[in-house]
Amino acid sequence: MPRLALYALAVCVLSAAAAAVSFARGSWLGIVWILMLGVSSNIAWYYVRKAKNDKAAEAAAGR
């Protein structure tokens with residue numbers, strides 16, 4: 001897994017924890033953490049798919 005995808009996944013997990021804590025304390029600031037979770041998960045998926053497509057392109061070019 002690419003390094004940037006791992007960083008984005010870490011941000012995703014931390015955002016989920018922060019959102020849970022915010023909502024447990026009764027704060028609506030958790031909505032911001034949910035939005036950050038969505039963005040970071042999309043970034044993680046993007047880099048995972050990009051790495052997969054790059055490997056497939058290298059394999060196809062090597063034939």
Side-chain angles (χ1 to χ4, degrees):
M1 186 177 288
R3 186 179 303 163
L4 287 174
L6 289 174
Y7 291 153
L9 189 61
V11 170
C12 186
V13 170
L14 292 174
S15 296
V21 169
S22 292
F23 285 132
R25 291 185 178 179
S27 173
W28 287 97
L29 188 62
I31 293 172
V32 174
W33 292 113
I34 294 293
L35 294 173
M36 186 179 288
L37 185 142
V39 170
S40 63
S41 69
N42 285 341
I43 291 171
W45 278 114
Y46 170 79
Y47 282 114
V48 167
R49 283 186 306 221
K50 183 178 181 301
K52 182 180 175 182
N53 289 338
D54 289 346
K55 277 186 181 180
E58 286 178 12
R63 290 183 185 178

When clusters are formed by joining ILVMFWY residues with side-chain heavy atoms under 4.5 Å apart, either directly or through shared neighbours, do [X] and [Y] land in the same one?
X     : Y     : answer
Tyr7  : Val39 : yes
Leu4  : Ile43 : yes
Leu35 : Val32 : no

Query raised in the report: Is there any side chain to side chain donor-acceptor pair (under 3.5 Å) pair reaching into residues 37-53, and which pairs are they, with sequence neighbours excluded?
Result: Lys50-Asp54
Query - Transitive ILVMFWY cluster of Leu14, excluding itself - 4.5 Å side-chain cut-off - result: none
Report summary line: Grouping ILVMFWY residues whenever side-chain heavy atoms fall under 4.5 Å, the cluster of Val13 otherwise contains none
Query - Interatomic spacing from CG in Leu37 to CD1 in Ile34 - rounded to 0.5 Å - result: 5.5 Å
Requested in this report: Please collect all salt bridge (Lys or Arg N to Asp or Glu O under 4.0 Å) contacts where either partner lies in residues 8-24, sequence neighbours excluded, each pair once.
Outcome: none
Side chains of residues 18-29: which donor-acceptor partners sit under 3.5 Å, not counting sequence neighbours?
| from | atom 1 | to | atom 2 | distance (Å) |
| --- | --- | --- | --- | --- |
| Ser22 | OG | Ala18 | O | 3.0 |
| Ser27 | OG | Leu29 | N | 3.1 |

